[in-house]
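In what follows, a single structure is set out as structure tokens and then discussed.
Whatever order the structure lists them in is the order used to number ligands and atoms, beginning at 1. For the numbers below, each heavy atom of this structure counts, side chains included, while hydrogens, waters and symmetry mates do not. None of the values given here were measured: they were computed from a predicted structure.
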Amino acid sequence: MIKVKALGNMTSSKKPTRLRKVASMSRPLLYPFYLLFGFFSLLSGIQSDDLQILMKLKSTLLQTSNTIAFISWESSISMCNFTGIICNSDGSVTEIELSYQNLTGILPLDSICQLQSLEKLSFGFNNLHGPIMDDLKNCVRLQYLDLGNNLFTGWSVPEISSLSQLRYLHLNASGFSGIFPWKSLQNMTGLVQLSLGDNPFNPSPFPNEVLQLTNLTWLYLSNCNIQGTIPAEIGNLKELINLELADNNMTGKIPVEIGNLVNLWQLELYNNSFTGKLPVGLRNLTKLEMFDFSWNNLEGDLFELRFLNNLASLQLFQNELSGQVPAEFGEFTKLVNLSLFGNSFTGPLPQNLGSCSKTNLIDVADNFFTGSIPPDMCKQGTMKWLIVFENYLTGEIPASYANCSTLRQFMVNNNSLSGKVPMGIWGLPNVIIIDISLNDLEGPITSDIKNAKSLTYLLAGNNRLSGELPTAISEAASLKSIKLNDNTLAGKIPYMICNVSFLEILDISNNSLSGKIPECLGNFSGHLRVMDLRMNNLCGAIPNTFAKGNQLRTLVFNDNNLEGLFPISLINCTNLEVLDLGNNMINDFFPYWLEYLPNLKVLVLKSNRFRGPIGNHNRRGMFFSELHILDLSYNEFTGPLPINYFENFNAMAINDEGKLEPQYMGEVKYYQDSVVVTLKGLEIKLQRILTIFTTIDLSNNKFRGEIPEVLGRLTILRSLNLSHNSLTGHIPSSLAYLSALESLDLSSNRLIGKIPMQLTSLTFLAMLNLSRNQLTGPIPQGNQFGTFENNSYDGNLGLCGFPLSSKCGTNELTQPAPPSTFQEDNDSLFASGFGWKAVSIGYGCGLLFGLAMGYVVFKIRKPKWLVRFIEGKQKGKKRRPNNQRPGQRRN
Ligand SMILES: *[C@@H]1O[C@H](CO)[C@@H](O)[C@H](O)[C@H]1NC(C)=O
Ligand SMILES: *[C@@H]1O[C@H](CO)[C@@H](O)[C@H](O)[C@H]1NC(C)=O
Ligand SMILES: *[C@@H]1O[C@H](CO)[C@@H](O)[C@H](O)[C@H]1NC(C)=O
Ligand SMILES: *[C@@H]1O[C@H](CO)[C@@H](O)[C@H](O)[C@H]1NC(C)=O
Ligand SMILES: *[C@@H]1O[C@H](CO)[C@@H](O)[C@H](O)[C@H]1NC(C)=O
Ligand SMILES: *[C@@H]1O[C@H](CO)[C@@H](O)[C@H](O)[C@H]1NC(C)=O
Ligand SMILES: *[C@@H]1O[C@H](CO)[C@@H](O)[C@H](O)[C@H]1NC(C)=O
Ligand SMILES: *[C@@H]1O[C@H](CO)[C@@H](O)[C@H](O)[C@H]1NC(C)=O
Ligand SMILES: *[C@@H]1O[C@H](CO)[C@@H](O)[C@H](O)[C@H]1NC(C)=O
């Protein structure tokens, strides 16, 4: 600020001198002399004034890097030879071109605009800040003004209607806000380029002033808060070559008058809310090369685009477009990028698509395309991104793709492709992602995979691939993910897999792999996070080589023939969240030291040969406080239920999700934790695990003693199965606090006494099994208890009341409170909980149940952004959203 003031004073003291000189010329007698003298002095006066202005400019602005312009601005050098300065033949400054100079500071426009001949002022791509002084209006000769790409954050653009000579106005991406002085544009009829985009201006409709600027060739108003429709008068701007209105909040139909803009080369309207069809006039725009209407709500077909055969980039993704892709697209000889994903296109792709152009990118994913993959998309040797996933494509992967050495992403997943994967696909030298999963493809993974030096994501699950896992895979040294689940691979897991040193995800589940788990897998270099070997024929002991500092987060060996002891080195897996060793033959005591894994969320040891007591020791600590899913069923555990664990299962007790949308457990790119649980009597595979999902299954063991009251603290537990044990005593009334409980199975124990009345408050309870105990007295009535059938109570000879046929005697109907200190302590709490439940019953119990379970089991649709990205960066020049805008997707 001080600098500006000082400068202002100096220039204003200068100004009178020059005025005096000019005034002195009016003396007639001395005219010739004065003329001559005056001319020279005027000349040198102008120059010295201009020089001083430039020197002030130099001293006002700071250059943060010394590589640049101001170095040459020295008194030893003529001003007109300064870098960035151009003078006219009089020697006065006409142009200042100082873009990309790393300049910071406030532009001293009060002095700059005293440069009498200044026609061009270019300060784009610097770090200048505001304010923009009103003095700008004095730069009346300016034809070119570029202050774009600076940091005028929070400042507005002053009124500039006096700049009537302007032909180029670039103020884009400079942080300008407030109301733009659209009226100022009225006088600028000569304007050729207007670039105001990427500024957070106040919302405004499309400015009518712009519609008068018939010389415009370049109009950039993207991302500056324009609302409403495009006026039909846009058709007046016949000279337009580039029209960009993207990233605004524009609505309505695209006017047919756009068809008058026959010179358009680039038309960008993406990320608005335009509706309706692609207008008829579009066919006129035969010079169009860049066309982007993505992220709108457009419908209808692509008929109007058939003849736009100069198109190089055609982006229409995320609309509601339908119909077939015109065959003419296959003839477009300049087509480089075609992005149609996320629409409702049908029919086959043009079979010569990409065959006669140097195509880089074809993305037609998430449509309803049928037919086969066009055979020649790689023909020109330029294809990099070939993305056709989630369609209904059939036939084979064209053999020619094996020569597609430029290919970086090959994503054909989730179609109905069949036949062998052509030799050579595995070994494409530049490919980063191969995703062929969810098809019907066959054949082996060939050892040419060793050539795939860039291959990072090998995703081929859910096919019919056969043969062995080639040892050569170890030479694909960039691999981070290997997903070959749900195939028919056989043979051993090659030891060499451990040489894939950056591997993060190894999912080879549900194949026919046999032999031992390579010892080295436990002792892998520090990157492996997921090892999913479930559903194979692996045998022998689990290697006891898990090294300190490993990153393992998910370890799933379920459903193999593993035997021997539980590997104690697992204690080194301090990041472990999911440990699933179910359905093996592991023969050991309960690995109590798992208590110390601070992040363990899922522990499944079901159907092994574990034995002995669990918990109930004297140690203190936060045991299993993150645990959500515990399944120890079908083992031979003995002793009382682990009270001290129940006391610590905080993740089942505290609903820390708040009101947030429930999250899925551990999302790693291309891998999703999943687990099989028994719920309501059915084995269900949770494809993804919601963090709000909690269950305890201790069934089919030899647990003895009473069901502890403390279970009542696990208030967000969804399912509790203690059946097929030898439990005795009463059912604790504290179970009534498990207000999220949907399934309760206490069957086949030796429980006695009455069913606590309070259980009627469990309004989500959809499954209750108390059969085969020694319960007595009346069955509670009301709420969910009206929905349970006889088999919930079978084999308890002392129970009476609905739904059983044995009526209760009158003295049985008044139930005494069960002996319980817990209940007394928390009576008021219980009562308040009850009120809430009474409200929710009003919606109908069955409905509530359906909603809750549906959420857990069926909300497994994968968001698009999980499966699609281009080398970690944005695809194309669009920002890729983190989530889908509602209403923009077909479902
Ligand atoms: C500018 O520099 C060139 C040499 O680089 C010189 O020939 C010319 O005279 C200089 N012009 C002025 C006006 O000083
Ligand atoms: C933004 O302004 C700069 C000048 O600072 C110009 O080079 C660039 O092309 C403009 N961008 C757009 C999209 O108009
Ligand atoms: C769409 O435009 C809005 C501004 O209108 C912007 O905030 C948002 O990030 C843009 N979305 C995408 C996907 O670029
Ligand atoms: C095509 O452009 C011509 C001007 O070249 C115009 O007269 C005609 O109306 C346009 N057609 C459509 C459908 O917009
Ligand atoms: C496969 O695509 C269908 C639609 O074609 C979709 O509903 C389904 O969720 C996709 N499957 C996966 C695993 O992405
Ligand atoms: C595998 O890795 C080890 C050391 O990490 C190295 O000595 C060996 O040569 C590698 N084997 C192959 C075939 O690359
Ligand atoms: C882990 O591997 C290293 C060699 O990479 C070896 O020296 C070490 O003994 C192994 N540790 C275990 C526990 O197997
Ligand atoms: C409880 O576990 C037993 C097996 O131990 C199973 O048969 C039963 O279906 C389970 N109950 C529920 C409600 O899932
Ligand atoms: C095509 O897309 C690629 C990747 O998104 C991009 O780098 C390239 O500039 C695009 N080419 C054209 C002509 O749009």
In terms of residue, atom name and distance, what is the protein heavy atom nearest to atom 7 (O) of ligand 8?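 So the nearest neighbour among protein heavy atoms is Y634 OH, 4.3 Å.
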Heavy atom of the protein closest to atom 14 (O) of ligand 8 (residue, atom name, distance):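 Ranking protein heavy atoms by distance from atom 14 (O) of ligand 8, first comes G681 N, 2.7 Å.
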So is there a nitrogen or oxygen of N360 less than 3.5 Å from a nitrogen or oxygen in ligand 9?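 No, no N or O pair falls under 3.5 Å.
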Which of the atoms of ligand 9 are close to W385, meaning less than 4.0 Å from one of its heavy atoms?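 Atoms satisfying the 4.0 Å criterion: 3 (C), 4 (C).
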Below 4.0 angstrom from a heavy atom of S313, which ligand 9 atoms are there? Numbered from 1 as shown, please.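 With S313 as reference, the close atoms of ligand 9 come out as 14 (O).
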Under 3.5 Å, is there a donor-acceptor pair between the [X] and [Y] side chains?
{"X": "D198", "Y": "Y220", "value": "yes"}
{"X": "N635", "Y": "N608", "value": "no"}
{"X": "N749", "Y": "N725", "value": "no"}

Answer yes or no for K384: is there a heavy-atom contact with ligand 9 below 4.0 Å?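 Not so, K384 does not reach ligand 9.
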Could you measure the distance from the CH2 atom of W295 to the OH atom of Y270? Nearest 0.5 Å is fine.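 One gets 13.0 Å once the value is rounded to the nearest 0.5 Å.
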Working to the nearest 0.5 Å, report the span between CG of L722 and CG of N701.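 Interatomic distance, L722 CG to N701 CG, rounded to 0.5 Å: 10.5 Å.
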Does an N or O from [X], backbone or side chain, lie closer than 3.5 Å to an N or O of ligand 8?
{"X": "D745", "value": "yes"}
{"X": "S699", "value": "yes"}
{"X": "N721", "value": "yes"}
{"X": "D697", "value": "no"}
{"X": "M767", "value": "no"}

With ring centroids as reference points, do F610 and F590 lie under 6.0 angstrom apart?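 No, too far apart.
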Any side-chain heavy atom of [X] within less than 4.5 Å of one from [Y]?
{"X": "L305", "Y": "F329", "result": "yes"}
{"X": "S339", "Y": "L361", "result": "yes"}
{"X": "D435", "Y": "F389", "result": "no"}

Option whose closest heavy atom lies nearest to atom 10 (C) of ligand 5, chosen from L438, N414, N462: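 The option holding the nearest heavy atom is N414.
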Check whether N319 reaches the backbone of F293 with its side chain - one donor and one acceptor, N or O, closer than 3.5 Å.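 It does hold such a pair.
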Answer yes or no: is there a donor N or O on one side and an acceptor on the other, between the side chain of N413 and the main chain of I436, under 3.5 Å?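 No, N413 side chain to I436 backbone: no donor-acceptor pair under 3.5 Å.
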Interfacing atoms of ligand 8 (cut-off 4.0 Å, heavy-atom, [X]):
{"X": "S743", "answer": "13 (C)"}
{"X": "N700", "answer": "4 (C), 5 (O)"}
{"X": "S723", "answer": "1 (C), 2 (O), 3 (C)"}
{"X": "T678", "answer": "14 (O)"}

Any heavy atom of Y392 sitting closer than 4.0 Å to ligand 5?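 Judged by the 4.0 Å heavy-atom criterion, Y392 does count as contacting ligand 5.
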